K.L.:
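After the structure tokens below, expect a handful of questions from me.
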Amino acid sequence: MANHRNCEGMQRRDCLKLGLGALLGGGFVDALKLRAIAGNSAAAKTSCILIWLDGGPSHIETFDPKPAAPAEIRGEFDPIQTKTPGAFFSENMQRLAAISDKLTIVRSVRHDQNNHGAGNHYMTTGAPPRIPVSCGAYVSFHPSMGSVTSSERGAPNGLPPYFSFPQMARSGGPSFLGARHAPFVVSDDPNDKAFQVRDVTLPKELDDGRAVGRREIRERLDRLARYQDRATADPVLGADENRQQAVSLMTSAAARRAFEIQQEPDAVRDAFGRTSLGQRALLARRLVEAGVPFITVHDGGWDHHSNIFPAFKKQGQQLDSVVATLIEDLDQRGLLDTTLVLVMGEFGRTPKISTLAGRNSPGRDHWSSAISVLVAGCGTPRGQVVGATDRHGYAAIEKIYAPENLVSSVYLKLGIDPDKILYNTSGRPAHLVSDPRPIAELM
């Protein structure tokens, strides 16, 4: 695995389309909440695969090309027509352009956190950092989307509800929700021939009878003195939760089956690509089939301050192939209607190309005023481009949305109320999302 380092108001006819004409007085969010409550049984079967592009992918080299801009902005790549009338992607996104009728691109997400630590936190939690943080910071002031989904949804068959490959995003943790809602990190590379997830099988030296006996003794000792109320912040409670989750995982036949990626036909594995990213996306699909509600596929190396054009010819086109294959595979299996695919990073890149001191090839710097996000599945209308940036790609200017709106959309699709109040370990209330309004066009 490569180690990547970053630098330090809705119209009436739209409500009628949702079957919510009688609820106009209650507002769009309230109507959506009522529908989510009514459809809890369906929402309980939904999942999210977040492909996190750590470092911040360029919007111009992906889904928001600017062919009429000067050369120092438009870059080396040509725009290509997508299957969506009037919509163009960068030539790096050929396969996604060919299936744009299965997905939506939001071109108008923006925020004001222009460094990796803060931007990562904002986009993965829907909450801006409470205090200024450094560019290289790993901060957790608020639970991540994956951890909230773990807390609200759980998972069947002894599987953890939240996975992350091959590492956790900077702000992908549970914050005050507790250790049991941290992601189960699978650092091993499923592209390796000898791929096997550690801690999924019972150690050979312990048969099940001995293991059960030891668990019973441990549980009796634990009951002697343990504060079970999370507000006490007992550190041993977190260790207990991790141990219990590990035991459930080791004894879960569903977990073992989900990780047996070698059982996939060669044609399927080849289609995803015999790369770490491709096989992790395939593993994510297998976990969705097993009932896991949230999986993050962490892909590093998108901080293109230099070498951006050669990098996109390889890295960008690999991403295009993997994401297109994942969406098509889910669609063919009937899973796209219940699986949300989300592709994004912490921000976009500066429209103007520059060559930094000490570098010998051009790139683009951090830019949080214009972010493109790919969304597919889980009821997302297909074949859309939502919002727009100005003619040079400097800022979102049409249908502008914040990370809060994007995260609220994800929660509603997963059957979670974004207007919920959480309580931290000291009992203080915190809004799950400060602005619970979703991106209307995604609903």
Side-chain angles (χ1 to χ4, degrees), residues 1-7 49-66 74-80 82 89-99 103 105 116 119-120 123 164-167 169-170 187 189-192 269-284 296-327 341-351 353-356 359-367 370-374 376 393:
M1 180 185 71
N3 289 321
H4 301 287
R5 293 179 179 272
N6 293 325
C7 67
I49 298 174
L50 167 61
I51 299 181
W52 178 254
L53 307 182
D54 194 63
S58 167
H59 54 298
I60 293 176
E61 273 68 44
T62 52
F63 307 114
D64 195 8
K66 299 296 178 181
R74 69 173 180 265
E76 295 184 3
F77 303 121
D78 293 327
I80 56 172
T82 71
F89 293 170
S90 167
E91 67 179 74
N92 299 296
M93 304 288 113
Q94 288 190 14
R95 286 200 52 200
L96 286 169
I99 64 163
L103 54 89
I105 299 296
H116 295 296
N120 198 302
M123 291 295 286
S164 191
F165 326 138
Q167 64 190 76
R170 290 169 186 255
S187 58
D189 187 350
N191 195 42
D192 288 344
R269 299 194 69 182
D270 292 342
F272 273 87
R274 298 288 183 151
T275 64
S276 298
L277 177 61
Q279 297 304 296
R280 286 182 176 124
L282 175 55
L283 190 57
T296 297
V297 179
H298 184 286
D299 189 46
W302 292 91
D303 194 27
H304 294 129
H305 290 283
S306 63
N307 204 43
I308 188 169
F309 302 116
F312 261 93
K313 285 182 179 178
K314 181 178 180 180
Q315 188 178 12
Q317 291 173 24
Q318 175 184 280
L319 174 73
D320 169 61
S321 178
V322 169
V323 176
T325 301
L326 175 63
I327 292 172
V341 178
L342 197 61
V343 183
M344 65 181 189
E346 57 262 51
F347 37 60
R349 311 300 295 188
T350 51
I353 300 163
S354 62
T355 302
L356 298 179
R359 308 287 181 95
N360 55 16
S361 61
R364 301 185 192 270
D365 302 327
H366 305 172
W367 199 251
I371 306 168
S372 287
V373 179
L374 182 152

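This is a predicted model, so every value here is computed, not measured.
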K.L.:
Could you tell me how the ring of H305 sits relative to the ring of H366: parallel (under 30°), tilted (30 to 60°) or perpendicular (over 60°)?
P.N.:
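Geometry flag for H366 against H305: tilted rings.
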K.L.:
Please determine which of D64, D303, D365 meets the salt bridge (Lys or Arg N to Asp or Glu O under 4.0 Å) test together with R349.
P.N.:
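Answer after filtering D64, D303, D365: D303.
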K.L.:
Would D189 and S276 satisfy side chain to side chain donor-acceptor pair (under 3.5 Å), going step by step from the backbone distance to the final call?
P.N.:
CA-CA 6 Å; D189 187 350; S276 298; 2.6 Å; yes
K.L.:
Contact between I327 and L374 at the side-chain level, heavy atoms closer than 4.5 Å - yes or no?
P.N.:
yes
K.L.:
Examine distances only and state if a side-chain atom of E346 and a backbone atom of G55 form a donor-acceptor pair shorter than 3.5 Å.
P.N.:
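Yes: the side chain of E346 pairs with the backbone of G55.
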K.L.:
Kindly say whether Q167 contributes a backbone atom to a donor-acceptor pair with the side chain of S164 at under 3.5 angstrom?
P.N.:
yes
K.L.:
Quick check: does any side chain N or O of N307 sit under 3.5 Å from a backbone N or O of S361, one acting as donor and the other as acceptor?
P.N.:
no
K.L.:
Compare all side-chain heavy atoms of D54 with those of H116 and state whether any distance is below 4.5 angstrom.
P.N.:
no
K.L.:
Under the 3.5 angstrom rule, does the side chain of T296 hit a backbone N or O of H298 as a donor-acceptor pair?
P.N.:
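Not a single qualifying donor-acceptor pair exists.
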K.L.:
Assert yes or no for the condition that the ring centre distance of W302 to F347 is strictly below 6.0 Å.
P.N.:
no
K.L.:
In this structure, are over 12 heavy atoms from other groups packed under 6.0 Å from Q94 atom CD?
P.N.:
no
K.L.:
Under 3.5 Å, is there a donor-acceptor pair between the side chain of N191 and the main chain of R274?
P.N.:
yes
K.L.:
Is the shortest side-chain heavy-atom distance between L326 and I51 below 4.5 Å?
P.N.:
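A side-chain contact exists here, since the closest heavy-atom pair is under 4.5 Å.
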K.L.:
If we only count heavy atoms from C-beta on, is the D299 to V322 side-chain gap below 4.5 Å?
P.N.:
no
K.L.:
Ignoring hydrogens and angles, tell me if any N or O in the side chain of D320 forms a donor-acceptor pair with the backbone of R95 under 3.5 Å.
P.N.:
yes
K.L.:
Do the side chains of F312 and S90 get nearer than 4.5 Å, heavy atoms only?
P.N.:
no
K.L.:
Please check this pair: side chain of H59 against backbone of G393, looking for a donor-acceptor N/O pair closer than 3.5 Å.
P.N.:
yes
K.L.:
Counting N and O atoms only, with roles assigned by atom type, does the side chain of R364 sit under 3.5 Å from a partner on the main chain of H304, one being a donor and the other an acceptor?
P.N.:
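Checking the backbone N and O of H304 against the side chain of R364, no donor-acceptor pair under 3.5 Å is found.
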K.L.:
Between F89 and F63, what is the ring plane arrangement, given parallel below 30°, perpendicular above 60°, and tilted in between?
P.N.:
perpendicular
K.L.:
For E91 and D78, indicate whether the former's side chain and the latter's backbone hold a donor-acceptor pair under 3.5 Å.
P.N.:
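Yes, the answer is positive, given that a donor and an acceptor are paired below the 3.5 Å cut-off.
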K.L.:
Between Q279 and R269 (side chain of the first, backbone of the second, donor and acceptor by atom type, cut-off under 3.5 Å), is there such a pair?
P.N.:
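Checked: pair present.
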